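All figures in this text were calculated on a predicted structure; none of them were measured in a lab. The residues of the chain are indexed from 1 along the displayed sequence. Hydrogens, waters and symmetry mates are skipped; everything else that's a heavy atom, side chains included, is used.
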Amino acid sequence: MTDTAYPNAVSPFVYTSRAQRVVFGPGSLEGLAAELDALGLRRALVLCTAPQRAQAERVAALLGADRVAGIFDQAAMHVPIEVARQARQAAREHGADCAVAVGGGSTIGLGKAIALEAGLPVIAVPTTYAGSEMTPIYGITEAGLKKTGKDERVLPRSVVYDPELSMSLPAAMSATSGMNAIAHAAEGLYSADGNPIMDLMAQEGIRALARALPVICGGAAGQALQAARGDALYGAWLCGTVLGSVGMALHHKLCHTLGGSFNLPHAEVHTVVLPHALAYNAPAAPQAMQRIAAALGASDAAQGVYDLARSLGAPTALREIGMREQDLDQACDIALRTPYPNPRPLERAALRALLQDAYEGRRPGAAGR
């Protein structure tokens with residue numbers, strides 16, 4: 001028998017699994033008290049943003065007065081350190097032994113900030129497609145800079161995915177939240193520490209969101225909308241798992257810089273920047289781009305993401321979401337300040353051009369700059 005190359009050899013990789021319970025399905029919120037019981041927890045501080053107070057009160061009612069230490073409804077975008085300190089103090093004062101975070105990335109991020117300092121376990125009840133609930137990544141903004149890190153203590157112990165909770169999420173927020181989730185999976189496909197398991201989850205997550213979001217944002221109702229909401233949440237879970245399991249690169253660094261330092265809305269920044277970051281990295285990560293394009297049903301990854309965002313009515317320019325053109329140089333400087341893995345070396349001129357394209361909302365180059 002001749003010695004010939006095997007065409008699909010698996011490259012060496014490291015895969016780390018994490019102990020985390022996921023409960024998925026319509027009506028699963030009704031079992032929240034049982035999740036506390038399974039973890040041996042008694043009194044929860046329920047976290048939310050001010051607009052989501054009603055959902056938090058529903059959660060509190062399900063748990064019962066004797067199991068609720070209080071409701072803290074001041075969660076804010078990018079987790080300002082001042083808000084984190086207030087929430088930690090509230091947990092101490094009310095004798096909470098856990099936090100139940102009801103909402104999107106801002107609320108779950110606040111739960112993580114409490115877990116980081118106070119050690120309280122977090123139970124996440126996601127209502128958007130942010131994916132933060134599946135990661136040990138935290139971010140806290142102090143003095144105009146968003147600092148991120150990884151710590152296993154902040155990973156929610158249990159996640160309750162109830163698609164019914166996302167039914168009232170406006171179409172515009174669904175679009176940007178879903179695009180944010182796609183960004184997690186897309187970068188996972190060219191991560192320096194990626195692996196075949198995450199590749200499968202990333203492609204399936206992108207595929208699920210790409211088919212669900214046009215239905216959600218296209219005015220569907222009834223069973224079609226319910227099914228699409230479930231599909232999108234399923235995709236968000238997969239994409240969030242990728243985010244929590246492998247390292248991110250240029251796209252996420254840029255988005256943390258733009259969001260934390262210039263107070264731009266998190267999901268919208270991801271939506272705008274992603275096609276340009278993909279175009280930048282395309283020459284250095286052709287296999288990842290092929291997988292992204294295939295999951296989108298497009299011929300090109302960067303173009304496909306840009307077209308999806310436009311079809312959903314999502315923003316495609318940084319100037320649309322509050323970025324000032326005179327701040328682009330500073331944003332470029334901050335993004336270059338700390339080295340991090342990326343398929344293509346970070347070149348100042350090309351990175352500054354990327355930011356200008358994203359600011360203007362230009363269609364990204366199919367082959368990168």
Side-chain angles (χ1 to χ4, degrees), residues 19-21 23 29-128 130 132-160 162 165 259-260 263 266:
Q20 189 180 36
R21 178 175 163 87
V23 181
L29 182 63
E30 298 294 329
L32 181 60
E35 292 304 301
L36 268 69
D37 291 339
L39 296 171
L41 302 171
R42 299 303 307 166
R43 284 177 59 79
L45 179 66
V46 180
L47 308 175
C48 64
T49 61
Q52 289 185 299
R53 176 85 190 197
Q55 284 184 320
E57 289 176 349
R58 178 187 170 192
V59 166
L62 283 171
L63 291 176
D66 61 331
R67 305 200 66 174
V68 176
I71 296 176
F72 184 88
D73 65 0
Q74 297 302 305
M77 187 171 60
H78 305 304
V79 193
I81 186 64
E82 298 81 7
V83 176
R85 289 170 177 158
Q86 292 169 15
R88 292 167 188 160
Q89 181 64 25
R92 285 193 296 267
E93 290 179 353
H94 296 292
D97 66 354
C98 66
V100 173
V102 185
S106 297
T107 303
I108 294 168
L110 178 59
K112 291 180 174 183
I114 296 173
L116 185 66
E117 293 295 327
L120 297 188
V122 178
I123 296 176
V125 183
T127 61
T128 72
S132 175
E133 65 280 355
M134 296 306 299
T135 82
I137 302 168
Y138 65 88
I140 299 174
T141 300
E142 183 174 9
L145 289 175
K146 186 172 183 178
K147 301 175 182 178
T148 62
K150 277 189 175 184
D151 194 309
E152 293 297 327
R153 291 176 297 172
V154 310
L155 182 72
R157 298 281 298 281
S158 183
V159 183
V160 178
D162 189 337
L165 295 177
N263 200 35
H266 180 83

Quiz prompt | Residues in side chain to side chain donor-acceptor pair (under 3.5 Å) contact with Ser158, at least two apart in sequence or another chain | solution = Glu35

Quiz prompt | Sequence-distant partners of Asp151, side chain to side chain donor-acceptor pair (under 3.5 Å), two or more places apart | solution = Arg153

Exercise. Check whether any side-chain heavy atom of Leu62 lies under 4.5 Å from a side-chain heavy atom of Leu29, and answer yes or no.
Key: yes

Exercise. Keeping to residues at least two apart or across chains, list the side-chain hydrogen bond (donor to acceptor under 3.5 Å, both in side chains) pairs with something in residues 137-147.
Key: His78-Lys146

Quiz item: Roughly how far apart are Ile108 CD1 and Met134 CE, rounded to 0.5 Å?
Solution: 10.5 Å

Quiz item: At their closest point, which heavy atom of Pro136 faces which heavy atom of Leu155, and how far apart are they?
Solution: N-CD1, 3.8 Å

Quiz item: Of all heavy-atom pairs between Ala56 and Val46, which one has the smallest distance, and what is that distance?
Solution: CB-CG1, 3.8 Å

Could you give the side-chain donor-acceptor pairs of residues 110-118 under 3.5 Å, partners two or more places apart or in another chain?
{"residue": "Lys112", "atom": "NZ", "partner": "Ser132", "partner atom": "O", "Å": "2.7"}
{"residue": "Lys112", "atom": "NZ", "partner": "Ser132", "partner atom": "OG", "Å": "3.0"}
{"residue": "Lys112", "atom": "NZ", "partner": "Thr135", "partner atom": "O", "Å": "2.9"}
{"residue": "Lys112", "atom": "NZ", "partner": "Thr135", "partner atom": "OG1", "Å": "2.7"}
{"residue": "Lys112", "atom": "NZ", "partner": "Ile137", "partner atom": "O", "Å": "2.7"}

Exercise. I would like to know whether Leu32 and Leu63 meet side chain to side chain contact (heavy atoms under 4.5 Å, CB included); could you show each step before the answer?
Key: CA-CA 7 Å; Leu32 181 60; Leu63 291 176; 3.9 Å; yes

Quiz item: Is Gln55 reaching over with its side chain to a backbone N or O of Val102, donor-acceptor style, under 3.5 angstrom?
Solution: no

Quiz item: Can you check whether Val100 reaches Leu45 side chain to side chain, under 4.5 Å on heavy atoms?
Solution: no

Quiz item: Would you say Phe72 and Thr107 make side-chain contact, with heavy atoms under 4.5 Å?
Solution: no

Quiz prompt | Qualifying side-chain hydrogen bond (donor to acceptor under 3.5 Å, both in side chains) pairs with a residue from residues 37-46, counting only residues at least two apart or across chains | solution = Asp37-Arg67

Practice problem: Only one of Ile71, Val59, Thr127 passes side chain to side chain contact (heavy atoms under 4.5 Å, CB included) with Cys48; say which it is. | Solution: Ile71

Quiz item: Which is it for Gln20 and Val159 under the side chain to side chain contact (heavy atoms under 4.5 Å, CB included) test, yes or no, and what are the steps along the way?
Solution: CA-CA 8 Å; Gln20 189 180 36; Val159 183; 3.6 Å; yes

Quiz item: Is the closest side-chain heavy-atom distance between Arg157 and Arg21 below 4.5 Å?
Solution: no

Practice problem: State, yes or no, whether a side-chain contact exists between Cys98 and Val122 at a heavy-atom distance under 4.5 Å. | Solution: no

Quiz item: Partners of Glu152 by side chain to side chain donor-acceptor pair (under 3.5 Å), sequence neighbours excluded?
Solution: Arg18

Quiz item: Which residue pairs pass the side-chain hydrogen bond (donor to acceptor under 3.5 Å, both in side chains) test when at least one of the two sits in residues 57-66, sequence neighbours left out?
Solution: Arg53-Glu57

Self-check item: Residue pairs, two or more places apart or on separate chains, that pass side-chain hydrogen bond (donor to acceptor under 3.5 Å, both in side chains) and touch residues 93-106
Solution: Gln89-Glu93

Practice problem: With sequence neighbours excluded, tell me which residues meet side-chain contact (heavy atoms from CB on, under 4.5 Å) with Thr128. | Solution: Ala130, Leu169, Ser177

